[in-house]
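As structure tokens, the structure follows; a few thoughts come after it.
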Amino acid sequence: MTSNSTPAAASNHPLPSYLDPKHLGPWGIYLQQVDRVTPYLGSLARWVETLKRPKRALIVDVPIEMDNGTIAHFEGYRVQHNLSRGPGKGGVRFHQDVTLSEVMALSAWMSIKNAAVNVPYGGAKGGIRVDPKTLSKGELERLTRRYTSEIGLLIGPSKDIPAPDVNTNGQIMSWMMDTYSMNTGATATGVVTGKPIDLGGSLGRVEATGRGVFTVGVEAAKLSGLALQGARVAVQGFGNVGGTAGKLFAEAGAIVVAVQDHTGTIFNAKGLDVPAVLEHVANTGGVGGFKGADKMANDDFWSVDCEILIPAALEGQINAKNAGKIKAKLVIEGANGPTTPEADDILTDKGVLVLPDVIANAGGVTVSYFEWVQDFSSFFWSEDEINARLVRIMQEAFAAVWQVAQENKVSLRTATFIIACRRILHAREMRGLYP
Ligand code: GLU
């Protein structure tokens, strides 16, 4: 440090490229979101830098023996963004495009999400850079177990609790739970959530994210005067999240007119038979080839006439190229990070109401919290009780976000960040710096 360096200058030591705010990608987007809320943090703004870097990030090499006898190496990650409010919590994603900076952003969004619905967790996320569709079941199991062992120094029921995310499920959670338990010498069901019911899983967990999407959608529709009866819905991604949300909207009288996933886009102006589409997806792995619908060019999905659009696939799907075409009045972000900041501005200028991921898809982690509590107490609740508690938490959190947005004349995303960042940084301040 030179003699005229100030402590402030020292804290602004040049950042490595992946922490650079100009870096385009999920982490850069997250940093812009934090910058937008800083003026609303009052004296807590002193701590805001805490949110702009992960507490810790682990990169692991995951070697496995392939069925053909060769040894393949995959890169895995576990990032704990913030632990001020409790243990780390967040999913594990298996996808060929996973990068450290993506996992960093996803872990940060978990910190915000967990604080927004006030579950007692920090934020974490993990992933492996792999296309799991190219692996046999045995290879997938060996990959999952080796990854779990490698991140074993970070995870644990009171340290950091993984869960399902893109391309991971109850089977993968079971292997993770077993590997951790065998390595530590005691069955620890609370080390992961999203487990099958027979292994300490919670009723309602599989549908929880979609149910949360539906719950905030209903609240937002009420507040903005949009009738659900006959409302047209378009959904991107028809797995746990998009599929459940589509089903619940259809049951509430809305019409699901278009669905897109990695196998194609299907459209029916009169409304798709959602249970039949779900069955087709369960049997074939995607919506492509579904009879009872017209095929549609993938690009045309974004300009479909609809009132509600639910992006429930991957990041960056609504961007500067397609945002202008969107006709929906309400966009409910089932996925994490589906809307780029440019697209967010385009939608806001058009008067589209965007329900941001950090509140809209928080139903999953909320029921993960219930699962973890049930595992700790070895006492399991009924599905009705779980759904009622989920709906109450989502409604209360959404009402608070709506109020902060009105009071400060900001977007629902910024309002959610204001609530969450205040909670995280207040915890941070009260705990103090130690050691
Ligand atoms: N992967 C989900 C999410 O992005 C759930 C995480 C969890 O339950 O811990 O919110």
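Keep in mind that the numbers below use all heavy atoms, side chains included, and drop hydrogens, waters and symmetry copies. Bear in mind that the values here come from a model prediction, so they are computed numbers and not experimental data. Start at 1 and go down the list; that is how both ligands and their atoms are numbered.
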Handout entry: Test: R129 and E75 ion pair at under 4.0 Å
Key = no
Exercise for the section: Give me the ring orientation class for F417 and Y30: parallel if the planes are under 30° apart, tilted from 30 to 60°, perpendicular past 60°. Expected result: tilted
Handout entry: M110 neighbourhood, listing ligand 1 atoms whose heavy-atom distance to it stays under 4.0 Å
Key = 3 (C), 4 (O), 6 (C), 10 (O)
Exercise for the section: Compute the minimum heavy-atom distance from A362 to ligand 1 and say whether it is under 4.0 Å. Expected result: no
Problem - Donor-acceptor pair between R431 and S84 side chains, under 3.5 angstrom - result: no
Handout entry: Heavy atoms of other groups near M66 CE, more than 12 under 6.0 Å
Key = yes
Exercise for the section: Give yes if a backbone or side-chain nitrogen or oxygen of I161 is under 3.5 Å from a nitrogen or oxygen of ligand 1, and no if not. Expected result: no
Problem - Per-atom contacts, ligand 1 versus A163 - under 4.0 Å to a heavy atom - result: 6 (C), 7 (C), 8 (O), 9 (O)
Fill in the blank from the handout: Atoms of ligand 1 under 4.0 Å from any heavy atom of K89, numbered from 1 in the order shown, are 7 (C), 8 (O), 9 (O)
Handout entry: Proximal candidate to atom 2 (C) of ligand 1 [heavy atom criterion; set D165, L106, T168]
Key = D165
Practice task
Indicate the ring-plane relationship of W402 and F398, choosing parallel, tilted or perpendicular according to the 30° and 60° boundaries.
Solution key: tilted
Practice task
Between N336 and ligand 1, find which residue part has any heavy-atom pair under 4.0 Å and reply side chain, backbone, both or neither.
Solution key: side chain
Problem - Interatomic distance, E219 atom CD to Q395 atom CD [nearest 0.5 angstrom] - result: 4.5 Å
Handout entry: ligand 1-proximal atoms of R93, by part, heavy-atom distance under 4.0 Å
Key = neither
Exercise for the section: Give the numbers and elements of all ligand 1 atoms closer than 4.0 Å to a heavy atom of R205. Expected result: 5 (C), 8 (O)
Handout entry: Test side-chain contact (heavy atoms from CB on, under 4.5 Å) applied to H95 and V130, step by step
Key = CA-CA 5 Å; H95 195 275; V130 62; over 6 Å; no
Problem - Plane angle bin for F370 and W381 - parallel if under 30°, tilted between 30 and 60°, otherwise perpendicular - result: tilted
Fill in the blank from the handout: Within 4.0 Å of some non-hydrogen atom of K113, the atoms of ligand 1 are 3 (C), 4 (O), 10 (O)
Fill in the blank from the handout: of all protein heavy atoms, closest to atom 8 (O) of ligand 1 is S368 OG, 2.5 Å
Handout entry: Positive for side chain to side chain donor-acceptor pair (under 3.5 Å) with S202, one of K195, E371, Q374
Key = Q374
Handout entry: Heavy atom of the protein closest to atom 6 (C) of ligand 1 (residue, atom name, distance)
Key = G91 N, 3.7 Å
Completion exercise
Note: P162, heavy atoms under 4.0 Å from ligand 1, region reported as neither
Exercise for the section: Just let me know how E371 lines up against ligand 1, side chain, backbone, both or neither, with a heavy-atom cut-off below 4.0 Å. Expected result: neither
Problem - Presence of salt bridge, E333 and R413, under 4.0 angstrom - result: yes
Exercise for the section: May I ask you to list the atoms of ligand 1 that are less than 4.0 angstrom from any heavy atom of K125? Expected result: 1 (N), 3 (C), 4 (O)
